[in-house]
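Whatever order the structure lists them in is the order used to number ligands and atoms, beginning at 1.
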Amino acid sequence: MSSQKKVRVRFAPSPTGGLHLGGVRTALFNYLFAKQHGGEFILRIEDTDQTRFVPGAEEYINECLAWCGILPDESPSNPGAFGPYRQSERKPSYRQYAEQLIAAGHAYYAFDTSEELDALRQSQPNFRYAQENRMSLRNSLSLSAEETQRLLDANAPHTIRIKMPEDHIVSFDDMIRGRVSFETKLVDDKVLLKADGMPTYHLAVVVDDKAMEISHVFRGEEWLPSAPVHLLLWEYLGWSDDMPQWAHLPLILKPDGNGKLSKRDGDRLGFPVYAMNWTDAKTGDLTKGFRELGFLPEAFVNMLGVLGWNDGTEQEIFTLSELVEKFSVERINKSGAKFDFEKAKWFNHEWIKKMDNTALLPLVREGLVQHGVSAIEDSSITTILSVVKERMTYVSDFWAQASFFFQMPQHYDVDAVKPKWNADKTKFFEEILVEFEDQDWQASVLEPFFKERVQSSGMKIGELMMPFRIMLVGGKFGPDVFLIAEILGKDQVINRVNVALDVFNS
Ligand code: GLU
């Protein structure tokens with residue numbers, strides 16, 4: 001690749017279902033690299049495998065990137081000059097390249113039917129279509145030129161396969177792993193063009209990366225074994241000078257044990273693996289996502305950004321623009337990153353604390369509406385947020401932490417109060433209620449006032465603070481009780497104390 005080439009990277013998911021967090025991380029690293037270099041981030045939908053196509057998956061991908069704030073500069077819904085951005089729509093462009101490869105002796109027609117190949121796979125468990133057996137199969141290498149022509153003229157169904165060279169080493173410099181080499185004899189003769197005329201991923205990815213002038217490819221490590229096929233195709237098509245630079249991202253590993261983190265690990269260990277909820281249209285099965293669990297996109301992106309990358313300091317909290325600024329391929333770890341859900345939660349908690357209350361407001365209001373609370377002023381919500389956000393891991397925790405601001409306690413933790421409840425305490429609250437009437441209603445006034453009254457009663461502060469909290473909140477939780485009292489307002493506090501006194505004394 002010439003170093004002057006404009007940076008153009010692509011995220012190339014197949015629309016087969018919800019987006020795994022590893023997929024989003026791939027998108028993110030592409031985005032960060034593009035933006036850092038003033039380049040373009042492209043979304044290309046790789047839908048050539050029509051059998052795996054799932055309706056709604058492309059919309060989901062769009063929504064997911066938008067949620068994360070990593071918007072493509074070019075995509076199917078926002079095309080640039082390099083369209084179409086869906087591989088299926090590029091179908092007519094591929095055959096010529098497959099034919100070109102055949103003409104140059106790097107590919108061949110294969111007439112074996114899928115039934116024949118299935119039978120071979122049945123009888124030979126390690127069957128692969130490759131150099132050791134290609135001459136005994138039905139293809140244009142093993143058949144005569146006349147027979148091949150006859151079959152083609154008769155429109156006999158066929159695929160086109162790459163002819164892997166026999167004893168060749170294919171090497172390249174991966175931006176993350178350095179020099180990588182492959183022995184071509186270990187790689188099978190992959191199908192390039194299917195019987196339906198659709199290219200396979202291998203052909204399409206090369207043709208499209210060339211046509212879209214892709215400069216760098218950041219993709220998951222699971223594609224590394226395919227790299228020798230892609231490299232040879234770049235060479236055989238005469239495009240070596242335009243080949244992008246490769247960066248194979250290490251896997252995201254399961255928290256326990258080895259291996260790639262899968263959706264099943266999430267189900268098993270009770271955390272999401274998809275970015276957003278995904279419902280399988282056929283089965284109706286719902287796979288939960290980070291968004292719906294109450295993750296902020298900022299936290300999700302931050303967590304993914306540092307999964308296998310760091311900036312060399314202790315810093316862990318990064319905004320998207322900081323990641324753009326600080327991202328460096330050299331600091332991507334070469335080994336897989338174990339996914340740690342507790343750490344993911346920590347990121348969300350930190351982001352909730354850091355986030356401006358007005359930015360959290362719409363998310364929190366959505367949750368309130370679900371609980372039937374709608375007539376609340378924005379300013380009340382932001383005030384409440386400022387006192388409870390320290391206690392929230394998810395946006396959806398707002399209700400659990402703050403419902404008592406919007407409604408009377410539904411239950412009282414009487415077990416915590418009753419064993420030590422007595423007439424003196426009742427009297428204390430009855431008297432203080434009267435005095436509350438004349439107080440300036442601020443936490444900074446209420447706290448010294450309450451403490452002073454406790455002291456003159458001869459009782460201990462904890463003996464009265466805890467019941468006071470339970471009167472207002474229902475349980476032994478929540479932020480500072482005087483802040484709660486201030487926010488609830490005088491009338492509400494007086495009412496709640498009265499109601500609770502009845503409960504405690506009944
Ligand atoms: N379509 C491939 C996928 O679903 C893309 C691999 C690549 O980026 O080359 O991940």
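- Between Pro13 and ligand 1, no N or O atom pair is found at a separation short of 3.5 Å.
- Close approach of ligand 1 to Arg10 (heavy-atom distance below 4.0 Å) involves ligand atoms 7 (C), 8 (O), 9 (O).
- A cation-pi geometry, defined here as NZ or CZ lying under 6.0 Å from the six-membered ring centre and within 45° of its normal, does not hold between Arg391 and Phe477.
- Aromatic rings from Tyr274 and Phe290 are positioned such that their centres are separated by 6.0 Å or more.
- The aromatic rings of Phe41 and Phe11 sit parallel to each other, their planes meeting at less than 30°, with 60° as the upper class boundary.
- Side-chain rings of Tyr108 and His158 stay apart, their centers remaining 6.0 Å or farther from each other.
- Ranking the protein heavy atoms by distance from atom 7 (C) of ligand 1 puts Tyr201 OH, 3.2 Å first.
- For ligand 1, the atoms lying closer than 4.0 Å to a non-hydrogen atom of Val205 are 9 (O).
- Closest to atom 1 (N) of ligand 1, if we only count protein heavy atoms, is Glu46 OE1, 2.6 Å.
- The aromatic rings of Trp234 and Trp239 sit perpendicular to each other, their planes meeting at more than 60°, with 30° as the lower class boundary.
- Protein heavy atom in closest approach to atom 5 (C) of ligand 1: Ala12 O, 3.1 Å.
- The contact set between ligand 1 and Ser14, taken as ligand atoms under 4.0 Å from a residue heavy atom, comprises 1 (N), 4 (O).
- Of all the heavy atoms of Trp223, the ones lying under 4.0 Å from any atom of ligand 1 belong exclusively to the side chain.
- Note: His37 and Phe33 have tilted aromatic rings, judged against thresholds of 30 and 60 degrees for the angle between ring planes.
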